[in-house]
S.K.: 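Below is one structure. I have some questions about it.
Worth knowing before you read on, the calculation uses all heavy atoms, side chains too, and leaves out hydrogens, waters and symmetry mates.
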Amino acid sequence: MGNKETSGKQSSSGDRQLSTRQLNSYVLTLPFLAVVVLHLIGWLFPGRMTWGFDFWSLVSPGVAAAVFLAAVVLLIPPVTEWAAKILAEVGRFYKRVGVTNKLVLFAFVSILMGGVFYFFRVRALVYGDGYTLVSDITDSESFTFHFQYKFQILAVYFYRYVCPIISDHLSISIEKAYALINAVGGVAGLWAIVRISGQITSSQTSRAFVLLGALSSASVILFFGYVENYTWATALSLWTLSFAISYSQFRTGLVGMVILGPLAFMLHMITFPFLLAALLALFMRGSPAGNHLFGLRLRSVNIGIASGSVLLVVLTQLYDIDIFVRVWPVETNPYWVFSAAHFTDVINELVLVAGLGLGLLFLVRWYGRRHVFAVGTVDGVLGTVTMLTLLVAFWIDPGIGAPRDWDLLSLVGFPLSIWACYRFTKLFPLREVPVRWIVPAVVVLGVHLGANLYEKQHSDLAVSHVDGHLSNDVHYRPEYKQARHCGSWAAILANEVNRSDLAIKYLTRQVDVSYEFYKACFGLGDIYSQQQEYDSAAKYLELGLAASPNELRFLVNLAKVERARKRYNSAIKWGLRAEALAPNNTDILTEIGISLGFCDRFGEALDYFRRAYEQSPSTYSQILNLGLCYGRVGMSDSAYFYVNAALPLAPEETRVDLYGYIIRAAIDWGKIDEAARHLEELRRTAPTAPTLPALEARLAEARKGK
């Protein structure tokens with residue numbers, strides 16, 4: 001058995017720690033410098049291998065250069081010592097001022113950080129579909145329990161009922177209510193990390209170092225105020241981890257662990273590693289856990305879990321359950337466990353969400369080889385949950401590509417960073433990290449998150465940034481499941497951020513693979529129709545309808561496109577096919593009537609306009625269409641009645657023309673006085689109308705004839 005680690009300010013029994021003089025500041029600085037250098041490389045050479053580190057390429061070169069220069073200078077040990085003295089003075093001033101009421105301090109920090117999280121929430125759907133989700137689940141009429149909701153049952157019902165209540169009481173939009181809930185969840189998660197950092201350290205400086213190291217993970221952006229619905233699941237998972245550590249140290253925590261672990265799991269099943277780690281903590285109370293990933297007592301358990309994960313993945317793929325990365329390649333899916341693209345994604349993911357943590361783990365493993373660490377339950381709990389979340393990040397297939405699906409796979413960022421920082425503290429006597437190490441922690445936090453946050457606040461930059469990577473990502477290439485995942489990104493580009501030019505690229509990839517992707521054909525048809533490129537629109541709409549002939553909306557769209565191409569008989573044909581599916585659809589009836597009118601078949605058109613009017617008798621377009629068509633078939637009294645009824649509803653810019661129709665209809669009907677009254681209204685409202693002279697002449701002739 002190994003030695004049991006004790007809490008408090010005493011060194012763990014069995015520790016043979018290095019003295020401060022034996023610690024080389026330049027060597028210990030390397031992990032911090034490595035993160036800065038990665039961002040520097042990503043700034044200078046943005047590319048596929050650095051999708052998590054090219055955010056600074058989006059910032060102006062002058063600002064980026066200044067940031068990197070300052071960061072490198074501050075990491076030079078003598079400069080770090082100087083900066084640490086300033087920090088020490090600030091700390092002494094804080095102690096002199098002090099805040100005796102901890103409740104006041106707690107409330108102030110919570111409100112401040114809640115505001116920060118709310119302000120820095122992602123404002124676009126480029127990196128997540130949280131706003132789409134909340135809009136869907138709060139819509140009582142269209143809500144359906146989709147398959148993906150089964151993985152987050154509690155979150156679905158929580159947001160479904162709580163968001164409208166907050167929205168109504170605070171008079172804010174559903175989206176803002178959702179963001180507010182997530183910001184509060186972020187504060188809850190922050191205090192969980194604060195508590196954990198106090199549980200595993202022996203001084204205020206060490207606690208601050210662990211806290212800063214954990215917050216340097218890019219997971220902060222994803223889970224504290226992010227648009228996705230993982231915030232509360234993550235917060236409760238972190239509290240579960242805190243209670244597991246407390247329980248393993250012979251303290252209380254069993255109740256919190258038992259309650260919050262399952263709650264987090266019900267909020268989202270991706271948090272299962274924290275629940276499993278909590279269960280394992282029940283059996284490791286006071287037991288040594290070893291150092292690094294596999295502990296002395298947990299070695300067989302961890303090996304069993306890792307082996308079991310492989311067995312689980314193989315079984316799911318034998319039964320065609322498409323959740324995990326494939327263990328073997330197939331013709332339509334080159335993304336498999338040993339493919340270069342998969343390893344690239346995993347490496348990028350880990351370095352992005354736990355760049356400092358990885359560096360510190362490697363440092364302690366290499367530099368601390370002369371250091372006999374006392375191993376205990378903290379290593380066991382943190383090491384186990386880290387391994388479990390690593391397995392999640394490794395095995396779950398980022399179905400829409402890692403640059404966009406990193407939110408789902410980033411839970412590993414917090415436990416890995418916390419564990420690495422905790423192990424770093426063990427290099428120092430009594431685990432008390434000197435103040436000077438706060439400086440590089442702050443530098444990494446600023447460099448690692450600064451440009452990332454900047455990009456999240458500018459959707460135009462985010463679109464260009466993400467699209468630059470997805471264009472070459474394997475998940476968006478024709479050889480990966482026939483470019484199946486291009487559709488989701490194309491929908492966001494076309495519908496949410498108004499970048500139809502980019503959406504065309506991804507939809508075309510799907511169509512080029514197979515016309516069976518009729519939704520892609522329809523998407524292209526819609527885009528080209530909006531751009532008034534009607535020949536292209538007709539081509540893709542017809543291809544889509546060949547694969548799925550009963551898509552009502554696209555039958556109507558094709559009828560409209562054909563009418564825009566002045567192919568009226570073809571427009572009528574598609575309209576009649578749509579009518580067969582929905583005989584009382586106002587849009588369809590109107591479209592057929594318009595095309596019949598262009599063919600001078602006004603008698604037939606009148607029948608369709610009447611039916612459309614019966615469906616929507618108060619709609620301006622239906623009233624007007626009916627009135628104009630009555631005029632074309634010589635029924636002047638009806639024409640006058642309906643066009644006159646449409647006049648109050650008409651947009652300002654069309655009223656001059658409507659007055660002309662009304663006046664002519666009144667004259668043809670023999671209502672000269674009514675025509676004169678409307679002419680006077682036209683003079684009063686539009687004295688410079690170009691149609692006035694002709695209408696005045698028409699009225700004068702009518703009076704002579706009378």
S.K.: Got a donor-acceptor contact below 3.5 angstrom from the Gln510 side chain to the Arg484 backbone?
M.R.: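 Indeed, once roles are kept as given, a pair shorter than 3.5 Å links the two residues.
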S.K.: Do side-chain atoms of His448 reach the backbone of Leu352 as a donor and acceptor pair under 3.5 angstrom?
M.R.: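 A pair under 3.5 Å: yes.
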S.K.: Has the side chain of Ser167 got a donor or acceptor atom that lies under 3.5 Å from a matching backbone atom of Pro164?
M.R.: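 The answer is no, because no donor-acceptor pair under 3.5 Å joins these two groups.
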S.K.: Residues in ring pair (Phe, Tyr, Trp, His ring centres under 6.0 Å) with Tyr335, at least two apart?
M.R.: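 Checked Tyr335 against ring pair (Phe, Tyr, Trp, His ring centres under 6.0 Å); matches are His342, His475.
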S.K.: Kindly write out the residues that satisfy ring pair (Phe, Tyr, Trp, His ring centres under 6.0 Å) with Phe522, not counting sequence neighbours, or none if the list is empty.
M.R.: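 Partners of Phe522 under the ring pair (Phe, Tyr, Trp, His ring centres under 6.0 Å) test: Tyr518, Phe554.
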S.K.: More than 12 non-hydrogen atoms from neighbouring residues, nucleotides or ligands closer than 6.0 Å to CG on Asn498, yes or no?
M.R.: no
S.K.: Could you check, using the six-membered ring where one of them is a Trp, whether Tyr454 and Phe55 have ring centers closer than 6.0 angstrom?
M.R.: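 Centroid separation for Tyr454 and Phe55: 6.0 Å or greater.
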S.K.: Look at Asp587 together with Lys560 and state whether they make a salt bridge at an N to O cut-off of under 4.0 Å.
M.R.: yes
S.K.: If you measure from CG on Leu388 to CG on Leu411, what distance do you get to the nearest 0.5 Å?
M.R.: 11.5 Å
S.K.: Can a donor-acceptor pair be found, under 3.5 Å and without considering hydrogens, that links the side chain of Ser417 to the backbone of Phe414?
M.R.: no
S.K.: Within the distance-only criterion (no hydrogens, no angle test), does the side chain of Trp395 pair as donor or acceptor with the backbone N or O of Ile323 below 3.5 angstrom?
M.R.: no
S.K.: So, the side chain of Ser246 versus the backbone of Thr252: is there a donor-acceptor pair under 3.5 Å, distance only?
M.R.: yes
S.K.: Enumerate donor-acceptor pairs with a distance under 3.5 Å from any side-chain N or O in residues 253-278 to protein atoms, sequence neighbours excluded.
M.R.:
unit_1: His268; atom_1: ND1; unit_2: Ile270; atom_2: N; d: 3.1
unit_1: Thr271; atom_1: OG1; unit_2: Ala264; atom_2: O; d: 3.0
unit_1: Thr271; atom_1: OG1; unit_2: Phe265; atom_2: N; d: 3.3
unit_1: Thr271; atom_1: OG1; unit_2: His268; atom_2: O; d: 2.8

S.K.: Is it the case that over 12 heavy atoms from other parts of the model lie below 6.0 angstrom from the NZ atom of Lys519?
M.R.: no
S.K.: Distance-only, no hydrogens or angles: does the Trp56 side chain make a donor-acceptor pair with backbone N or O of Val447 under 3.5 Å?
M.R.: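 Yes; judged by distance alone, with no hydrogens or angles, the pair exists.
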S.K.: Judged by atom type as modelled, is there a donor-acceptor pair below 3.5 Å linking the side chain of Ser464 to the main-chain atoms of Leu461?
M.R.: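 Not confirmed, Ser464 side chain does not pair with Leu461 backbone.
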